[in-house]
Number of protein chains: 2
Amino acid sequence: MTTGKTILIVDDESAIREMIAVALEMAGYNYIEASNCKDAHESIIDTKPDMILLDWMLPGTSGLEFTRRLKRDDLTKEIPIILLTAKGEEDNKIQGLDSGADDYITKPFSPRELVSRLKAVLRRATPLGIEEAIEIEGLLLDPTCHRVTANQASVDIGPTEYRLLQFFMTHQERAYSRTQLLDQVWGGNVYVEERTVDVHIRRLRKALGSAHEHLIQTVRGTGYRFSTRTS
Amino acid sequence: MTTGKTILIVDDESAIREMIAVALEMAGYNYIEASNCKDAHESIIDTKPDMILLDWMLPGTSGLEFTRRLKRDDLTKEIPIILLTAKGEEDNKIQGLDSGADDYITKPFSPRELVSRLKAVLRRATPLGIEEAIEIEGLLLDPTCHRVTANQASVDIGPTEYRLLQFFMTHQERAYSRTQLLDQVWGGNVYVEERTVDVHIRRLRKALGSAHEHLIQTVRGTGYRFSTRTS
DNA sequence: TAAAACTGTCACATCGCTGTAACAAAGCTA
DNA sequence: TAGCTTTGTTACAGCGATGTGACAGTTTTA
């Protein structure tokens, strides 16, 4: 069983990371690891995890500060964060939740507790995001089975086009520049020509066919937009 | 891919400048360099960079002092600054952020981290989407989806006419000369005939149609004005 | 391991936008 | 009203932005 969700584990003790990793794997999650904030930040930009498990006490930047920074940036503010705090640091919990974290767990904790907290936060945080199927004018994108259909007929679509369409359908009626699309759909640290976006837009339109390609609209001089209203 | 943004690198070690320069180039940024505050200040006045990467420890004027000076001057206070601090100087971070810097990065840092931080700060500094939609007498301009509608009906409009209309709607009831409009809508350093404004005014009026063209009023001998009051 | 699918880039085609000139119309002044 | 200035309007050539097909390199699948 795989949930398809990716969790980032940030802790400087490899033993703890290992323990968490096993628990996550058992529960069907993918995971990536980081031992400090710097690596963590890179991974976040690159991989866009669905959740972050963040140790409160880290060498260098503190968890508090790191949380604040992530919550300040549009690209990362949506990602839920669970703080891992040691026993004596009860006071910090409030600080942590104030800074934007979604939950906290006190060490030591059982793998079972971790997973159930994590599920709860994911359930709360992504009711609309990756879980629910989206349907617009007969165009249906179902994230659970990772499939797109247009009026019941299956749409053959590549991975990038899928992510692009998913982003558009979850962010309708809004113009995005090519750079924004690259950041959001490709991931922050990929150096790719801007015009590449055009090509994938083209492929997406082609895949959608004449019945739906009007939903992907060009905003000349700016970028692209997903909209049900005719321009 | 080019972002069009220019970054000023201020560091006395040419090796570090070089490293940063390569990273910026990869990410599609233009850059200029300076090895001390004096040169840096000249470059800033000359080039008006979109961001400054400033080494905390500089010969002569300290980064702190330089930051303060830039943030005091109206001409430069808007330019975001990222401080580059060495590892042992953790205490200075607070000082640095207090002085008006927008973020800091601890050396040593990876090019990747630098670029993603930089993007984050630029995104924050140039808010593209937080502008509210404006509605006047059924004429609606929505910056987030980059669209103009007149009584629900979509208005087909070119990029320049869009910017012109946006400027007018955010600066109503006031006459602007052609030169002022060129500065505000076209951008400061473009050499364009003044009469070009007339043509775009004409195009804008035409696009708005008889229902709204009265909002764009000619002020003879001066220029144009956006007003709901009949002249 | 071969075939198929996917990705990013380029070159070329195409389309729409832009600025300018030229002329028409409207205001102003003497 | 004539002669001037200012603005409206149109047409058009040039150019930049976008659409599109092809291709090579890579990854995934069978």
Side-chain angles (χ1 to χ4, degrees), chain A residues 2 46 146-148 154-167 175-183 185-187 189-210 213-226 231, chain B residues 1-4 26-28 146 148 154-167 175-183 185-187 189-210 213-226 231:
Chain A
T2 304
D46 276 352
H146 211 270
R147 172 170 286 173
V148 180
S154 181
V155 176
D156 191 24
I157 199 176
T160 305
E161 282 74 35
Y162 179 88
R163 289 200 310 278
L164 187 57
L165 180 60
Q166 183 175 41
F167 176 76
Y176 290 94
S177 70
R178 292 173 174 72
T179 304
Q180 286 176 315
L181 289 172
L182 284 175
D183 282 347
V185 178
W186 273 254
N189 281 313
V190 200
Y191 302 128
V192 172
E193 284 297 320
E194 283 205 337
R195 292 299 309 280
T196 297
V197 174
D198 297 33
V199 178
H200 283 275
I201 289 279
R202 153 74 177 148
R203 286 168 181 156
L204 179 55
R205 281 172 173 160
K206 204 172 188 177
L208 292 183
S210 57
E213 65 180 356
H214 67 274
L215 294 169
I216 313 287
Q217 301 172 354
T218 301
V219 185
R220 194 162 252 268
T222 301
Y224 297 95
R225 168 180 58 203
F226 186 98
S231 65
Chain B
M1 179 181 69
T2 303
T3 62
M26 294 270 290
H146 211 273
V148 180
S154 187
V155 176
D156 192 23
I157 200 176
T160 304
E161 281 74 53
Y162 179 89
R163 290 200 308 278
L164 188 57
L165 179 60
Q166 184 174 38
F167 176 77
Y176 290 93
S177 71
R178 293 173 175 73
T179 306
Q180 287 175 315
L181 288 172
L182 283 176
D183 281 349
V185 178
W186 273 254
N189 39 13
V190 224
Y191 170 66
V192 172
E193 271 318 304
E194 282 207 339
R195 293 300 310 282
T196 297
V197 175
D198 296 34
V199 177
H200 283 277
I201 290 281
R202 153 73 177 151
R203 286 169 181 155
L204 179 54
R205 281 172 172 160
K206 202 171 187 177
L208 292 183
S210 56
E213 65 180 356
H214 66 275
L215 294 168
I216 312 287
Q217 301 170 355
T218 302
V219 183
R220 197 177 173 82
T222 303
Y224 297 95
R225 170 181 57 203
F226 186 98
S231 62

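Proteins come first, then strands; the chains are lettered A, B, ... in the order of their sequence lines, and each starts at number 1.
Computed from coordinates, the B:Leu181 CG to D:dT7 P distance equals 12 Å when rounded to whole Å. With rounding to whole Å, B:Leu164 atom CG is found 11 Å from C:dG19 atom P. A straight line from CZ of B:Arg163 to P of C:dC17 spans 13 Å, rounded to a whole angstrom. Going from atom NZ of B:Lys206 over to atom C1' of D:dT9 covers 8 Å, rounded to whole Å. In this structure, A:Arg205 places its CZ atom 9 Å from C1' of D:dT18, rounding to the nearest Å. One atom, CD1 of B:Ile201, and another, P of D:dT9, lie 12 Å apart when rounded to the nearest Å. Taking atom CD1 of A:Ile216 as the reference point, atom P of D:dG19 lies 11 Å away to the nearest angstrom. Whole-Å rounding puts the A:Arg178 CZ to D:dG16 P distance at 16 Å.
Under the 4.5 Å side-chain criterion, counting only non-hydrogen atoms from C-beta, B:Leu165 is not in contact with B:Val155.
Of the candidates B:Arg203, B:Arg205, B:Arg178, B:Arg178 is the only one forming a salt bridge (charged side-chain N to carboxylate O under 4.0 Å, His left out) with B:Asp198.
Checked against D:dT10, D:dG8, D:dG19, the side chain of A:Tyr224 finds its nearest nucleotide in D:dG19. Checked against D:dT18, D:dT9, C:dG8, the side chain of A:Arg195 finds its nearest nucleotide in D:dT18. The listed nucleotides are C:dT7, D:dG8, D:dT6; the one nearest the side chain of B:Arg220 is D:dT6. Among the nucleotides C:dT7, C:dT20, C:dT9, the one closest to any side-chain atom of A:His200 is C:dT7. Across D:dT18, D:dT7, C:dC6, the shortest atom-to-atom separation from the side chain of A:Pro159 is found for C:dC6. Minimum atom distance to the side chain of B:Arg203 is reached by D:dC12, of the listed C:dC17, D:dC12, D:dG19. If you check C:dA21, D:dT20, C:dC10 against the side chain of A:Asp198, the one that comes closest is D:dT20.
The line from NZ of B:Lys206 to CD of B:Glu161 is 11.0 Å long, rounded to the nearest 0.5 Å.
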Evaluate the criterion side chain to side chain contact (heavy atoms under 4.5 Å, CB included) for residue pair A:Tyr162 and A:Arg147; output intermediate values, then yes/no.
CA-CA 8 Å; A:Tyr162 179 88; A:Arg147 172 170 286 173; over 6 Å; no
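For C:dC17, neither phosphate oxygen OP1 nor OP2 lies less than 4.0 angstrom from any side-chain nitrogen or oxygen of B:Thr160. In terms of phosphate contacts, A:Trp186 brings no side-chain nitrogen or oxygen within less than 4.0 Å of OP1 or OP2 of C:dT7. Taking side-chain N and O atoms only, A:Thr218 has no distance below 4.0 Å to OP1 or OP2 of D:dT18.
Among the atoms of the strands shown, none is found under 4.0 Å from any heavy atom of A:Val197. Nucleic acid contact for B:Glu194: none, since no nucleic acid atom lies under 4.0 Å from a heavy atom of the residue.
The aromatic ring centres of A:Phe167 and A:Tyr176 sit less than 6.0 Å apart.
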